[in-house]
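Working notes, beginning with the structure itself.
For the numbers below, each heavy atom of this structure counts, side chains included, while hydrogens, waters and symmetry mates do not.
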Amino acid sequence: MGEAVASSSRWKDSPYTRNAFGFGARAFRQAIEHGMDLAEHAAALVTAHPELRLVTAPSLAVLTFRYEPADAPPGWDADTAQEDVSRAVCTEGGALLLTSRVHETTVLRMCTINPAATRDDVAHVLDLAARYGRRSLDAAEAEAEVRGSAAPTDR
């Protein structure tokens, strides 16, 4: 019995239950529903964007997507581009957009559970992902151009 009480005390002291008790169950439920609504909104924006591709549909306020422009040159390293986008959004964009792996592919992972986040915030992060993705693509193209224009050396 003592173990059950100790286990129960640990549960009551966890961050999840402190949030639920501090918020109140109704407010906590509303915050979760708000996050799930934002994820659905993000998925719709990704689907409508010509340079973004939804990889996994929203599940519990998390979705994954990729920056995949139609004009990417052959041999473009899309996985590295996702890492570049994540790093740029996290360091320059003021948001947390991490990467993950889905079916051997690097993806951007968005979690929309922040109760203070808005639909405009979600749209802004997706705009940043596309902007930084384009920047990564432009840099890769410039690098390829420099490599291609280097004159071969005679030996």
Next item on the list: List the atom of Ala116, the atom of Asp121, and the distance in Å for their closest heavy-atom pair.
Entry: O-OD2, 4.0 Å

Note to self: Quick check against the 3.5 Å criterion: does His41 have a side-chain atom that pairs as donor or acceptor with the backbone of Thr118?
What the structure shows: no

Next item on the list: Hey, could you give me the CZ/CD distance between Phe65 and Gln82, rounded to the nearest 0.5 Å?
Entry: 8.5 Å

Check: What closest approach, in Å, do Glu51 and Pro69 show between heavy atoms, and which atom pair accounts for it?
Finding: OE2-CB, 3.7 Å

Check: Can you list the residues that meet the side-chain hydrogen bond (donor to acceptor under 3.5 Å, both in side chains) rule with Asn114, with sequence neighbours excluded?
Finding: none

Check: Where is the tightest heavy-atom contact between Ala129 and Leu97, given as atom of each residue plus distance?
Finding: CB-CD2, 4.1 Å

Checklist line | Heavy-atom pair of closest approach, residues Leu96 and Cys90 | finding: CD1-SG, 3.9 Å

Next item on the list: Any chance you could lay out the side-chain contact (heavy atoms from CB on, under 4.5 Å) test for Glu83 and Asp79, step after step, and finish with the verdict?
Entry: CA-CA 7 Å; Glu83 297 286 346; Asp79 282 350; over 6 Å; no

Next item on the list: In plain terms, say whether Asp84 and Arg87 are close enough for a salt bridge, that is, a side-chain N and a carboxylate O under 4.0 Å apart.
Entry: yes

Check: With a cut-off of 6.0 Å (strictly less than), are more than 12 heavy atoms of other residues, nucleotides or ligands near CG of Leu60?
Finding: no

Next item on the list: Test Arg66 against every option in Val55, Leu52, Val46 by the side chain to side chain contact (heavy atoms under 4.5 Å, CB included) rule and name the one that passes.
Entry: Val55

Checklist line | Nearest atoms (heavy-atom pairs only) where Ala95 meets Val125 | finding: CB-CG2, 3.6 Å

Margin query: Rounded to the nearest 0.5 Å, what separates atom OG1 in Thr112 from atom CD in Glu40?
Written below: 9.0 Å

Check: Atom CH2 in Trp76, atom CD in Glu141: separation rounded to 0.5 Å?
Finding: 9.5 Å

Note to self: Tell me whether Arg135 is salt-bridged to Glu92, with the criterion being a basic N under 4.0 Å from an acidic carboxylate O.
What the structure shows: yes

Next item on the list: First locate atom CG of Leu63, then atom CG of Leu38, and finally report the distance between them rounded to the nearest 0.5 Å.
Entry: 10.5 Å

Next item on the list: Heavy atoms only: give me the nearest Ile113-Ala61 pair and the separation to one decimal.
Entry: CD1-CB, 3.9 Å

Solution key, residues 103-111 side-chain donor-acceptor pairs under 3.5 Å, sequence neighbours excluded:
unit_1	atom_1	unit_2	atom_2	d
Thr105	OG1	His103	O	3.2
Thr106	OG1	Arg101	NH1	2.7

Note to self: Testing Thr56, Thr99, Leu98 one by one against Thr64 for a side chain to side chain contact (heavy atoms under 4.5 Å, CB included), which residue passes?
What the structure shows: Thr56

Check: Could you give the distance from CD1 (Ile32) to CG (Asp37), rounded to the nearest 0.5 Å?
Finding: 13.0 Å

Margin query: If hydrophobic clusters are built by linking Ile, Leu, Val, Met, Phe, Trp and Tyr wherever their side-chain heavy atoms come under 4.5 Å apart, do Met36 and Val62 end up in the same one?
Written below: no

